[in-house]
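The structure appears below as structure tokens.
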Amino acid sequence: MIDHTTFDGKVVLVTGVASGIGAATALQFLRCGADVVGGDLNSGSLEDFTRTVSGVAPGRFHPVALDVTDAASIAAALDHATGVRGRIDVLFNNAGIAPVGSALETDDALWRQVMAVDLDGAFRMSRSVLPALIESGGSIVNTASVSGIGADYNYAAYNAAKGAMINLTRSLAIDYGKRGVRVNAIAPGPVRTPLLEHNLAQLPALEGAFNQFIPLGRIADPQEVASVVVFLASPLAAFITGAILPIDGGVTAWNGQPNGDFVQ
């Protein structure tokens, strides 16, 4: 059972904490007793989120400016995290970007930007935190995507980065399992984040299209994704490592054939 004491005395480091899945996950870890060190590149959003959680867990949320593409920024965030209780127990690699662009629309600069944030950032964060996790017997949870299992139209760089994230997860899991570190990834489908909400507002027909092809008939809420992250980091998942867990309402169960209701 996961409750308000599950992560007592534990330190959780979350990247991309200021909104969406990162914010929802940080809140759930705080409610389960953890100290959360939350990093984000957007200083304004980070300040807003810090104010939001101040009444939830006074003194247990520790904001830090973090650019996962910059080695010095990662080192400073790691120092900040280890300074909280002298340990790190969970790393949630959640920072990411998802610019639109097919291969012909993706120049070298955009390709490298996506890889630097979505893939290289997770690798560098993991490499930096692994010594602390080996010491604590901790775990890593990565935010992959259904876009790493099957491709989206017009997201060449994002699809490639998330596909690589999935196999990075497996690689870390087999390399460090015998040293006591578990590594898993979530693979969300459509989630009601600020970015998706913006897109839904711009394209009113989009939500209906999502609801039509998602077997559960709706878009996920960030809290539904966060609960899976907390589970994977908890003792309840003590024998789970190298897993890629879709949180997609059944999207990846579908083989792409049209619903018989639409066949005339």
(request) Please check if the side chain of R124 supplies one atom and the backbone of A71 the other of a donor-acceptor pair under 3.5 Å. (result) no
(request) Indicate the atoms forming the closest heavy-atom contact of Y155 with V100, along with that distance. (result) OH-CG2, 3.2 Å
(request) Salt-bridge test for E224 and R192: reply yes if a basic N is under 4.0 Å from a carboxylate O, no otherwise. (result) no
(message) How close do I214 and G249 get, counting heavy atoms only, and between which atoms?
(response) CG2-O, 3.7 Å
(request) Scan for ring pair (Phe, Tyr, Trp, His ring centres under 6.0 Å) pairs involving residues 87-144, sequence neighbours excluded, and state none if there are none. (result) none
(request) Check whether more than 12 heavy atoms from other residues, nucleotides or ligands sit under 6.0 Å from atom CG of D108, and answer yes or no. (result) no
(message) Walk me through whether N184 and S139 qualify under side-chain hydrogen bond (donor to acceptor under 3.5 Å, both in side chains).
(response) CA-CA 8 Å; N184 295 290; S139 72; over 6 Å; no
(request) Using modelled atom types only, decide if a donor and an acceptor are shared between the side chain of D118 and the backbone of A98 within a distance under 3.5 Å. (result) no
(message) L91 vs M125, test: side chain to side chain contact (heavy atoms under 4.5 Å, CB included). Steps then yes/no.
(response) CA-CA 8 Å; L91 169 63; M125 287 296 303; 3.9 Å; yes
(request) Using salt bridge (Lys or Arg N to Asp or Glu O under 4.0 Å) as the criterion, list what pairs up with R87, not counting sequence neighbours. (result) D89
(message) Would you say N93 and T143 are linked by a side-chain donor-acceptor pair, where the criterion is simply a distance under 3.5 Å?
(response) no
(request) Compare every heavy atom of L66 with every heavy atom of G39, then report the nearest pair and how far apart it is. (result) CA-CB, 3.8 Å
Which pairs would a plain distance check flag for residues 6-31, meaning a side-chain donor or acceptor within less than 3.5 Å of a matching protein atom at least two apart in sequence or in another chain?
{"residue": "T6", "atom": "OG1", "partner": "D3", "partner atom": "N", "Å": "2.8"}
{"residue": "T6", "atom": "OG1", "partner": "D3", "partner atom": "O", "Å": "3.2"}
{"residue": "T6", "atom": "OG1", "partner": "D3", "partner atom": "OD1", "Å": "3.4"}
{"residue": "T15", "atom": "OG1", "partner": "N94", "partner atom": "N", "Å": "2.8"}
{"residue": "T15", "atom": "OG1", "partner": "A95", "partner atom": "N", "Å": "2.9"}
{"residue": "T25", "atom": "OG1", "partner": "I21", "partner atom": "O", "Å": "2.8"}
{"residue": "Q28", "atom": "NE2", "partner": "Q223", "partner atom": "O", "Å": "3.0"}

(message) Within the 3.5 Å criterion, strictly below it, is a donor on S73 or D70 matched to an acceptor on the partner's side chain?
(response) no
(request) Could you identify which residues cluster with I166, counting Ile, Leu, Val, Met, Phe, Trp and Tyr as linked when any side-chain heavy atoms lie under 4.5 Å apart, either directly or through a chain of such contacts? (result) I149, I244
(request) Search all heavy atoms of I219 against all heavy atoms of P190 and return the closest pair with its distance. (result) CG2-O, 3.5 Å
(message) Is it the case that the side chains of T50 and E47 hold a donor-acceptor pair, with the cut-off being a distance below 3.5 Å and no angle test?
(response) no
(request) Carefully, step by step, assess E135 and R179 under the rule salt bridge (Lys or Arg N to Asp or Glu O under 4.0 Å). (result) CA-CA 9 Å; E135 184 174 343; R179 302 186 72 178; over 6 Å; no
(message) Test: salt bridge (charged side-chain N to carboxylate O under 4.0 Å, His left out). Region: residues 142-157. Which pairs qualify, not counting sequence neighbours?
(response) none
(request) May I have the step-by-step check of side chain to side chain contact (heavy atoms under 4.5 Å, CB included) for Y153 and S102, ending in yes or no? (result) CA-CA 7 Å; Y153 289 102; S102 65; over 6 Å; no
(request) Identify the heavy atoms of S128 and I74 that sit nearest to each other, and give their distance. (result) OG-CG2, 3.6 Å
(request) Calculate, to the nearest 0.5 Å, the distance between atoms CD and CG belonging to Q113 and D107 respectively. (result) 9.5 Å
(request) Write out all pairs satisfying ring pair (Phe, Tyr, Trp, His ring centres under 6.0 Å) with one or both partners inside residues 46-81, taking only residues at least two apart or from two chains. (result) F49-F61
(request) Decide side chain to side chain contact (heavy atoms under 4.5 Å, CB included) for L130 and L172; before the verdict, give the C-alpha distance in whole Å, the side-chain angles of both, and the deciding distance to 0.1 Å. (result) CA-CA 10 Å; L130 269 167; L172 293 172; 4.2 Å; yes
(request) Locate the shortest heavy-atom distance separating V56 from P58; write the atom from each residue and the value. (result) C-CD, 3.8 Å
(message) Return the CD1 to CD1 distance between I88 and I134, rounded to the nearest 0.5 Å.
(response) 12.5 Å
(message) Quick check on the hydrophobic clustering: are V64 and V129 connected, directly or via other members, by side-chain heavy-atom contacts under 4.5 Å?
(response) yes
